[in-house]
> 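One structure coming up, written as structure tokens, with questions to follow.
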Amino acid sequence: MRVVVALGGNALLRREERPDAHIQLANVRAAVAALAPLAREHELVITHGNGPQVGVLALESAADPSLTSPYPFDVLGAETQGMIGYWLLQSLQNALPGRQVCALLNQTLVSAADPAFADPAKFVGPVYDQEEAERLAGKRGWTVKQDGTHWRRVVPSPRPQRVVETRLIRLLLQSGAVAVCAGGGGVPVIRDEQGQLTGVEAVVDKDLTAALLAEALDADALLLLTDVPHVSLHYGTPDAEPIGRTTPAALRTLSFPAGTMGPKVDAVCRFVELTGGTAAIGALQDARTILAGTSGTVVTPTGRDLDRRPDAHEDLT
């Protein structure tokens, strides 16, 4: 099978953890331990979040007295692709001796007219209490919103239209390599009036990019792996109810937070609706059983069987 996996940024740096390099590297190694069995059995593409990491770099850039202005978010996104991609690349090479692994820096095309630019909603960086978040917002010109019991900075998150390097990623899969790409949703770019690519101040949702990429690559399955074991109704309340096997139509009738679970649900629904394949949301450590359909929230066209796209990419490999 051809499988696209999206690692949540909070799976690589858990809430309340300090963003030290050695802590993140330990989390990456734990993530690779969960993913290596999939790589041994399937064609594997790994994407990853960068919300906590890009927030740290943004803070460093804003506080650097040698800069006349902070680095823009497209540049910071490229930096996180290199940093997290390096950790994943090395850890995968150590876990899969003899297997080729490539960490690819890539761009994601978005629309300059996307309404998200006028309504920032993507959480980045560390969490704060309300008072500190509002103080920083006033000092640095941020937009902040509530994230659960905490507050965080938010930035525009336009919908991805195309992963610019899709053909190259396909070639890597055809060669038998594990591909690490689309980190943080990819570096957000638009085409100007001359048809040239240029970066924009935004962060693309990595789950929506993963779904777009999985569709373009004719993947059989899309796994969104995070720090929760499944999608839940009434999450965070005593009435929380896990969702197991389901369909896109059933999920579309429910409401989920726009800045957290909402994009994940949208991504899995879109992939299943457009391809007839299987998508799932669940905990990173359960990756193998989620793909097998025995844990997590598994979304298929029928809601019953683990559907595989027949002959989806055999002519391409």
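Counting from 1, the numbers follow the sequence of the chain as shown.
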> List in chain and number order the residues that pass salt bridge (charged side-chain N to carboxylate O under 4.0 Å, His left out) with Asp266, two or more places apart in sequence or in another chain; answer none if no residue qualifies.
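Partners of Asp266 by the salt bridge (charged side-chain N to carboxylate O under 4.0 Å, His left out) criterion, ordered by chain and then number, come out as Arg159, Arg252.
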> If we ignore hydrogens and angles and just use 3.5 Å, is the side chain of Glu201 paired with the main-chain N or O of Phe73 as donor and acceptor?
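Side chain of Glu201 to backbone of Phe73: a pair is present.
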> Do the side chains of Val28 and His48 get nearer than 4.5 Å, heavy atoms only?
no
> So, do Ile46 and Leu92 sit near enough that their side-chain heavy atoms are less than 4.5 Å apart?
yes
> Starting at CG of Leu224, measure out to CG of Leu208 and round the result to the nearest 0.5 Å.
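Answer for the CG-CG pair, Leu224 versus Leu208, is 9.0 Å.
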> Kindly say whether Asn27 contributes a backbone atom to a donor-acceptor pair with the side chain of Arg14 at under 3.5 angstrom?
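Pair absent, no side-chain N/O of Arg14 close to backbone of Asn27.
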> Do the non-hydrogen side-chain atoms of Val180 and Ile84 ever get within less than 4.5 Å of each other?
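Of all side-chain heavy-atom pairs linking Ile84 with Val180, none is under 4.5 Å.
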> In the hydrophobic clustering (ILVMFWY, side-chain contacts below 4.5 Å, transitive), which residues join Leu59, or is it alone?
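Tyr128, Leu136, Trp142, Val144, Trp151, listed by chain and number.
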> Rounded to the nearest 0.5 Å, how far apart are CG of Leu251 and CD1 of Ile281?
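It is 7.0 Å, given to the nearest 0.5 Å.
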> Is Arg135 paired with Glu132 through a side-chain N to carboxylate O contact shorter than 4.0 Å?
yes
> So which heavy atom on Ala95 is nearest to which on Val32, and how close?
CB-CG1, 3.7 Å
> Which atom names give the shortest non-hydrogen contact between Ala250 and Thr246, and what distance separates them?
CB-OG1, 3.4 Å
> Between Ala39 and Val178, which heavy-atom pair has the shortest distance, and what is it?
CB-CG2, 4.1 Å
> So, applying side chain to side chain contact (heavy atoms under 4.5 Å, CB included) with Gln107, which one of Val204, Val189, Val163 is it?
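Only match with Gln107 under side chain to side chain contact (heavy atoms under 4.5 Å, CB included): Val189.
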> Glu134: which residues meet the salt bridge (charged side-chain N to carboxylate O under 4.0 Å, His left out) condition with it, sequence neighbours left out?
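Salt bridge (charged side-chain N to carboxylate O under 4.0 Å, His left out) check on Glu134 returns nothing, list empty.
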> Within the 4.5 Å heavy-atom criterion, are Val203 and Ser157 side-chain neighbours or not?
no
> For residues Leu172 and Ala179, report the shortest heavy-atom separation together with the two atoms involved.
CD1-CB, 4.2 Å
> Are side-chain heavy atoms of Leu35 and Leu225 found at a separation under 4.5 Å?
yes
> Holding to salt bridge (charged side-chain N to carboxylate O under 4.0 Å, His left out), I want the full list of residues that pass it with Glu41, two or more places apart in sequence or in another chain.
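For Glu41 the salt bridge (charged side-chain N to carboxylate O under 4.0 Å, His left out) partners, ignoring immediate neighbours, are Arg288.
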> If you count every heavy atom of other residues, nucleotides or ligands that lies below 6.0 Å from Tyr71 atom OH, does the total exceed 12?
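Atom OH in Tyr71 is not packed in, count stays at 12 or less.
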> Go through the structure and list residues passing salt bridge (charged side-chain N to carboxylate O under 4.0 Å, His left out) with Asp119, not counting sequence neighbours.
Lys145
> So if I apply the side chain to side chain contact (heavy atoms under 4.5 Å, CB included) rule between Leu291 and each of Asp286, Val298, Val3, which one comes out positive?
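Answer after filtering Asp286, Val298, Val3: Val3.
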> Determine the minimum heavy-atom distance between Val101 and Leu89, stating which atoms define it.
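So the minimum-distance heavy-atom pair works out to O-CD1, 3.3 Å.
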> Could you tell me whether the side chain of Leu197 reaches within less than 4.5 Å of the side chain of Arg191, counting heavy atoms only?
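Answer yes - side chains close enough.
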> Considering only residues two or more places apart or on different chains, which pairs with a residue in residues 55-66 satisfy side-chain hydrogen bond (donor to acceptor under 3.5 Å, both in side chains)?
Asp64-Ser66
